[in-house]
Amino acid sequence: MYLNANNISFSYRKNKPILKNISISIPDNKVIGLMGDSGSGKSTLCKVISGYLNNYTGTITIDNELIDKTGYCPAQLIFQHPEKTMNPKWKMHKVLSESWNPPQELKDTFGLKEGWMNRWPSELSGGELQRFSILRALNPNTKFIIADEISTMLDTVTQVQIWDSLIDYCKKNKIGILAVSHDKELLEVIADNIVLFNDINKL
Amino acid sequence: MSKLLEIEKLSISFSQYFKGLEQRELKVLSDLTMDVDDHEILAVLGSSGSGKSLLAHAILGILPSNAKVSGSIRYKGKEMDDELKEELRGNKISFIPQSVNNLNPLMKVKEQAIGYIKDEKDKEKIIKKQREIFNQYNLSEEVDEMYPFQLSGGMARKVLISTALLNDPEIIIADEPTPGLDEEAVKETINNLVELKEKGIGMILITHDINTAIETSDRIAILYLGYVIEITDTKNFSGEGEKLLHPYTRSLYRALPETYFELTEGHQPSYQNIPKGCPYHENCSRQIRECHYELPELREVNGTIIRCFNPLGEGD
């Protein structure tokens, strides 16, 4: 299975395109690394692929079928700042079950402790919250993970833990990953292929 | 070499409401002891949101009023009280803040760089000096008349650095000088900082980026949950990390993608849940009985300052 983005163009302001004719293909058994400078539009591409921005031109298909713009998007975005993606008035069990109820085994793999379920988002550290947001994105309907700088804010120990369990799970369950980062060394370790953003963005 | 700044047993805490009117103490920095010499960069390495910036604010005396501070900070052997802090900040002790947001958006760059000057005679001298320093950093005269929103990230960083240099500081405290910049600007910033050190300035570099710390500093102090767990020579961050003595420091180094990308179990708890005893014992592979009950004191082992009962040796 492949996720194909074909000739994607997008602009926030008229006549000032930020993405131009971008094509990228993500296979379901690989980690594709996307590298580029800050401010170059990587995050915008992520949002387009995972359905957060709709007025783009071009097509996004999975197995040659257009992604349905309504309902659950099979390409799920994980953000850099988990604390900004959670309702501060919801306890963690509610945050997680908004998406699905993962089996205990999976919670253990990602190091989620039972005691955290009754806490508020403000009572967990950034690394702990990022584990929740990753597991939340791994709903059974998810076919692809778009990881936008998900470990930039974390210390190196947590970074290894998170990537280790995410890649392990995705390889077993045939979920493709687009790993976006400006950290070349990290992508060289985790990604099967690295794509340079400036090469595919035909501005 | 002389000790420019000595910090001893500095703790900062805030009181926080959690259930109705019940309050609890939130400790963000605990028992912090470190010092900086001239011609030296000391990097303070801690994960994001760990309140490292508060260290800078404590030295400058600009903490919010609800912060509780204990411990002592000495400048050239003299205890710093609020009066001395006020006198030194902006003069002998300069601050390079984290982001452009620290510039006044309604003031032109030049005006806020030189600040308020009482005496008209001094003004000319200072303007001349400001121009000199700006020239060194390739900031043209056009920049003088710009507002902060017109500056790019890299330019803003240069403005912040050159503003900090205006009063010939002896100590510079730099708070996260690199994030948000592209690779080239990062390299340039790092070069600028190292240059300043070579001129004799003592610097505290607060960062969460281990690579920046390794590239610039002479010594690195590693924070874990607000505790200094190790202060070690930057040279020890090399090879297999065999000269790093604290288990957490060594895992940090060996988890770098450039080294081994090695997996260590366990995760850093949040500040509301700092464990008793050694803050790291729950995740530590080398824990012994004492670690569960007692906080290890900072001590010196082979030239490294470390907070651990059972440190690693070179053979481990």
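Note that the coordinates shown come from a computational prediction; the quantities given were computed from them, not determined experimentally. Below, chain A is the first sequence line, B the second, and so on; all start at residue 1.
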For Glu25(B), which residues count as a salt bridge (charged side-chain N to carboxylate O under 4.0 Å, His left out) partner, sequence neighbours excluded? Lys68(B)

Contact between Pro257(B) and Gln159(A) at the side-chain level, heavy atoms closer than 4.5 Å - yes or no? yes

Test your reading of the model: is there a side-chain donor-acceptor pair from Thr156(A) to the backbone of Leu252(B), 3.5 Å cut-off? yes

Using 0.5 Å steps for rounding, measure from the CD atom of Glu185(A) to the CG atom of Leu256(B). 9.0 Å

Any donor-acceptor N/O pair, Gln161(A) side chain to Thr264(B) backbone, under 3.5 Å: yes

Structural part of Leu263(B) lying under 4.5 Å from a heavy atom of chain A: both

Between Trp116(A) and chain B, with a heavy-atom cut-off of 4.5 Å, which part of the residue counts as in contact: side chain, backbone, both or neither? side chain

Where on Ser122(A) is there a heavy atom nearer than 4.5 Å to chain B: the side chain, the backbone, both, or neither? backbone

Please indicate whether Lys91(A) has more than 12 foreign heavy atoms, meaning atoms of other residues, nucleotides or ligands, lying under 6.0 Å from its NZ. yes

I would like to know whether Leu186(A) and Phe261(B) meet side chain to side chain contact (heavy atoms under 4.5 Å, CB included); could you show each step before the answer? CA-CA 9 Å; Leu186(A) 174 69; Phe261(B) 207 60; 3.7 Å; yes

Inter-chain contacts: residues 5-25 of chain A against chain B, heavy atoms under 4.5 Å: none

Is it the case that atom NZ in Lys235(B) sees more than 12 heavy atoms from other parts of the structure closer than 6.0 Å? no

Which residues in residues 127-136 of chain A have a heavy atom less than 4.5 Å from any heavy atom of chain B? Glu128(A), Arg131(A)

Check each atom of Lys113(A) against the heavy atoms of chain B and say whether the ones under 4.5 Å are side chain, backbone, both or neither. side chain

For residues Thr152(A) and His208(B), report the shortest heavy-atom separation together with the two atoms involved. O-NE2, 3.8 Å

Which residues in residues 187-201 of chain A have a heavy atom less than 4.5 Å from any heavy atom of chain B? Val189(A), Ile190(A)

Whether over 12 other heavy atoms sit under 6.0 Å from Tyr2(A) OH: no

Using a cut-off of 6.0 Å, state whether more than 12 heavy atoms not belonging to Lys243(B) lie near its atom NZ. no

Please check if the number of heavy atoms outside Lys171(A) that lie under 6.0 Å from its NZ is greater than 12. yes

Atom pair CG (Asp155(A)) and CD1 (Ile222(B)), whose distance is rounded to the nearest 0.5 Å: 12.0 Å

Count the heavy atoms of every other residue, nucleotide or ligand shown that sit under 6.0 Å from CD of Gln104(A), and state whether that count exceeds 12. yes

